[in-house]
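All remarks here apply to the structure that follows.
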Amino acid sequence: MSDKFDVIVVGAGPAGYVAAIRCAQLGFNTACVDKWVDADGKPSLGGTCLNVGCIPSKALLDSSEKVAQASHDFEHHGISVGKVSVDVPKMIARKDDIVKNLTSGIAGLFKANKITSLHGHGKLLADKQVEVSLNGESKIYTADNIILAVGSEPIDIPVAAVDNQLILDNAGALDINAIPKKLGVIGAGVIGLELGSVWNRLGSEVTILEAMDTFLAPVDKQLSREALRAFTKVQGMDIKLGAMVTATNVNKNSVKVTYTLKGEEHTETFDKLIVAVGRKANTKDIAADEAGLKLDERGRVDVNDRCETNIAGVYAIGDAVKGPMLAHKGSEEGVFVAEVLAGQKPHMNHDNIPWVIYTHPEIAWVGINEEQAKERGLNYKTGFFPFAANGRSLAMNEKGGRVKMIADTDTDRVLGVHIFGPNASELISEAVLAMEYSASTEDIARTIHAHPTLSEVMHEAALSVDGRSLHKVN
Ligand code: FAD
Ligand code: NAD
């Protein structure tokens with residue numbers, strides 16, 4: 001094998017593997033270095049997302065949602081199934097099969113695109129060289145261009161050291177093989193809510209300890225309030241805001257957690273404790289000093305808006321750089337850089353990246369929320385429509401949530417769309433497309449939406465911005 005490539009990508013998560021595929025499509029002789037190994041010690045492509053992130057969490061969210069439906073919703077449809085029992089190891093094995101299927105799929109895509117897959121730790125050296133090390137042996141490769149896509153890892157907090165037996169990070173939390181009677185979670189962010197939901201649906205008593213006084217700060221306040229009510233009052237999760245964990249004591253089969261809330265100290269004992277307090281760029285040991293790679297104040301690779309680092313010919317993308325830590329953001333940056341290298345003039349709109357939280361109902365948003373519109377002093381108008389007034393939603397026994405739209409008063413241009421409701425993850429795409437084309441709410445209102453569909457809630461929310469919803473009083 002030659003040790004010279006047109007492009008070397010370091011990291012095969014959704015940012016890196018997509019960058020490698022697009023580079024290969026554009027005719028570059030491409031290599032991709034990745035060090036991930038699965039539980040059997042075998043290389044596994046796909047990074048955090050495929051191995052211990054997006055995909056396995058959604059597999060468990062789907063399984064657990066089916067349990068919740070069979071336990072609580074079927075009876076509304078006149079279906080009796082008796083007491084629902086859950087085979088957790090089988091559920092976990094199904095999740096593992098999906099992961100294996102997809103990670104080996106990436107290996108297949110690499111082969112089909114003639115991408116050289118290099119297993120080991122990649123380190124940027126001077127003069128656009130990459131050292132790949134494995135088990136004490138290393139080899140140096142060179143490339144015209146290098147793309148760093150090294151991703152992120154969980155932030156750990158000293159008061160709750162992860163052992164992945166009783167105190168778990170996201171990887172451990174996706175492999176719990178029996179339903180904990182009492183589950184504690186530190187952090188009511190995206191992972192805390194998604195994985196808290198999984199085990200809550202399966203029957204755990206879930207307590208989430210969140211340091212901030214606000215719930216889901218980036219989400220539009222009206223929707224986050226409604227979501228908090230649904231997760232606590234309806235679904236029974238105990239979400240404590242303003243709770244600061246001060247100590248954990250690990251016993252044989254349980255963890256005692258001490259926390260302060262409103263100035264008082266409390267303790268609670270859990271069978272498992274998940275720590276989900278955010279993620280940090282995985283930039284440790286990715287570059288030799290002589291390479292001179294600049295990191296930013298948060299330890300991320302410092303890049304400009306074209307994903308260029310301070311070194312000519314070296315780019316960085318995905319969770320390892322500024323911006324939201326989302327798979328689709330990293331993938332799009334991967335495509336962007338590959339096309340820049342090919343001399344094309346690609347475009348990536350960092351202001352139009354959708355977020356989804358896969359709770360039930362789901363939360364999804366794109367663009368700014370009403371609080372941000374206020375802070376920016378914008379002249380804006382809003383519209384909303386509840387799922388409870390939508391026929392398809394009622395047919396599905398989904399009665400909660402709403403779509404809220406924010407638009408510029410003068411131009412009617414859509415500035416943000418926020419959804420708390422069934423299939424929000426799919427519905428948000430219409431908003432992203434609308435905003436990409438600088439659509440107005442009038443454009444959405446004039447677009448014919450099929451009946452009966454959940455998408456009619458988007459249509460009605462757009463009509464509501466102009467005070468002319470058809471199926472609610474304006
Ligand atoms: P990563 O996926 O972290 O991949 C980086 C890869 O680089 C890894 O394989 C790593 O082993 C490798 N690597 C690192 N350093 C080196 C090195 N020096 N040499 C060789 N290889 C190296 N995002 C969504 O958009 N939707 C979701 O539903 C979603 N769910 C999530 C659920 C969980 C539980 C978690 C933890 C994350 C979730 N995310 C989700 C976030 C998503 O996983 C990340 O945004 C995404 O994986 C980032 O992609 P990446 O390629 O930048 O990095
Ligand atoms: P997060 O930033 O979403 O949430 C972390 C939460 O922990 C915050 O609410 C924060 O206030 C709280 N917190 C921080 N320190 C704390 C402490 N000491 N005690 C109590 N609470 C504390 O982070 P996450 O949930 O770990 O997820 C990491 C990232 O992974 C997400 O931000 C997102 O980028 C990505 N992710 C995305 C999805 C998705 O797209 N559906 C799913 C999971 C993860």
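Whatever order the structure lists ligands and atoms in, that order sets their numbers, starting from 1.
There is no side-chain donor-acceptor pair under 3.5 Å between Glu265 and Thr260. Donor-acceptor pairing under 3.5 Å is recorded for the side chains of His360 and Glu398. Under 3.5 Å, the side chains of Asn164 and Asp169 contain a donor-acceptor pair of N or O atoms. Asp38 and Ser44 form no side-chain donor-acceptor contact under 3.5 Å, judged by distance and modelled atom types alone.
With distances taken over non-hydrogen atoms, the option nearest atom 39 (C) of ligand 2 out of Ile363, Val356, Asp213, Thr214 is Val356. Nearest to atom 37 (C) of ligand 2 by heavy atom, out of Leu61, Val190, Thr246, is Val190. Compare Met325, Glu210, Glu362 by their heavy atoms: the one nearest to atom 8 (C) of ligand 2 is in Glu210.
Of all protein heavy atoms, the one lying nearest to atom 14 (C) of ligand 2 is Val277 CB, 3.6 Å. Looking from atom 32 (C) of ligand 1 to the surrounding protein, the closest heavy atom is Gly53 C, 3.3 Å. Scanning all protein heavy atoms for the shortest distance to atom 51 (O) of ligand 1 gives Ala15 N, 2.9 Å. Among all non-hydrogen protein atoms, the one lying nearest atom 16 (C) of ligand 1 is Lys35 CE, 3.6 Å. In terms of protein heavy atoms, atom 21 (N) of ligand 2 is closest to Ala211 N, 3.1 Å. Closest to atom 6 (C) of ligand 1 among all protein heavy atoms lies Asp34 OD1, 3.5 Å.
For a threshold of 3.5 Å applied to N or O pairs, the pair formed by Val52 and ligand 1 contains no separation below that value. For a threshold of 3.5 Å applied to N or O pairs, the pair formed by Glu194 and ligand 2 contains at least one separation below that value. Here's the thing with Ile191: one of its N/O atoms is less than 3.5 angstrom from an N/O atom of ligand 2. On a distance-only criterion, Thr48 and ligand 1 share at least one N/O pair closer than 3.5 Å. When only interatomic distances are considered, the shortest N/O to N/O separation between Ile317 and ligand 1 does not fall below 3.5 Å. No N or O atom of Ile357 sits closer than 3.5 Å to an N or O atom of ligand 2. Considering backbone and side-chain N/O of Asn170, none are found under 3.5 Å from N/O of ligand 1. Remark: ligand 1 and Asp285 share no N or O pair separated by less than 3.5 Å (distance only, no angle test). When only interatomic distances are considered, the shortest N/O to N/O separation between Val245 and ligand 2 does not fall below 3.5 Å. Where the criterion is an N or O separation shorter than 3.5 Å, residue side chain and backbone included, Ala327 meets it with respect to ligand 1. Considering backbone and side-chain N/O of Gly278, one or more are found under 3.5 Å from N/O of ligand 2. An N or O contact shorter than 3.5 Å is missing between Leu195 and ligand 1 by distance. Looking at Glu194 next to ligand 1, no N or O pair under 3.5 Å apart turns up. The shortest N or O to N or O distance between Lys58 and ligand 1 is under 3.5 Å. Geometrically, ligand 1 and Ala320 share no nitrogen or oxygen pair separated by less than 3.5 Å.
Under a 4.0 Å heavy-atom criterion, Ala276 is in contact with ligand 2. Distances from ligand 1 to the non-hydrogen atoms of Arg279 include at least one value under 4.0 Å. Note on ligand 1: Gly330 sits outside its first shell, no heavy atom being nearer than 4.0 Å. A heavy-atom separation below 4.0 Å is not found between Lys329 and ligand 1. The closest approach between any non-hydrogen atom of Gly120 and ligand 1 is below 4.0 Å.
Around CG of Asp87, the count of heavy atoms belonging to other residues, nucleotides or ligands within 6.0 Å exceeds 12. Atom CD of Gln25 sits in a crowded spot, with more than 12 heavy atoms from other residues, nucleotides or ligands closer than 6.0 Å.
Using a 4.0 Å cut-off between charged nitrogen and carboxylate oxygen, Lys58 and Glu194 count as a salt-bridge pair. Remark: Asp302 does not engage Arg300 in a salt bridge, criterion side-chain N to carboxylate O under 4.0 Å. The existence of a salt bridge linking Asp175 and Lys95 is confirmed by a sub-4.0 Å separation between a basic side-chain nitrogen and an acidic carboxylate oxygen. Salt bridge present: Arg22 and Glu339 bring a charged side-chain N and a carboxylate O closer than 4.0 Å. Between Lys322 and Asp305 a salt bridge is recorded (basic side-chain N to carboxylate O distance below 4.0 Å). Between Lys404 and Glu370 a salt bridge is recorded (basic side-chain N to carboxylate O distance below 4.0 Å). Taking 4.0 Å as the cut-off between side-chain N and carboxylate O, Asp62 and Lys66 count as a salt-bridged pair. Taking 4.0 Å as the cut-off between side-chain N and carboxylate O, Lys139 and Glu131 do not count as a salt-bridged pair.
Ring geometry, Tyr259 versus His266: the interplanar angle falls under 30°, so the pair is classed parallel (tilted spans 30 to 60°). The aromatic rings of Phe5 and Tyr141 lie tilted to each other, with the angle between the two planes from 30° to 60°.
By the criterion of a heavy-atom distance under 4.0 Å, the backbone of Ala149, and not its side chain, is placed next to ligand 1. Residue Val159 does not touch ligand 2, judged by heavy-atom distances below 4.0 Å. Using a 4.0 Å cut-off between heavy atoms, Val356 makes no contact with ligand 1 at all. For Val150, heavy-atom contacts with ligand 1 shorter than 4.0 Å involve the backbone as well as the side chain. Counting heavy atoms under 4.0 Å from ligand 1, residue Tyr358 touches it through the side chain alone.
Of all atoms in ligand 1, numbered sequentially from 1 with element shown, those under 4.0 Å from a heavy atom of His328 are 25 (O). In the vicinity of Gly122, heavy-atom distances shorter than 4.0 Å reach the ligand 1 atoms 17 (C), 18 (N), 19 (N), 20 (C). Of all the atoms in ligand 1, the ones that sit under 4.0 Å from a non-hydrogen atom of Gly13 are 2 (O), 4 (O), 6 (C), 51 (O).
The salt bridge (Lys or Arg N to Asp or Glu O under 4.0 Å) test applied to Lys329 returns Glu333, not counting sequence neighbours. By the salt bridge (Lys or Arg N to Asp or Glu O under 4.0 Å) test, Lys181 is found to be paired with Glu205, residues two or more places apart in sequence or in another chain being considered.
The shortest distance between side-chain heavy atoms of Val132 and Ser138 does not fall below 4.5 Å.
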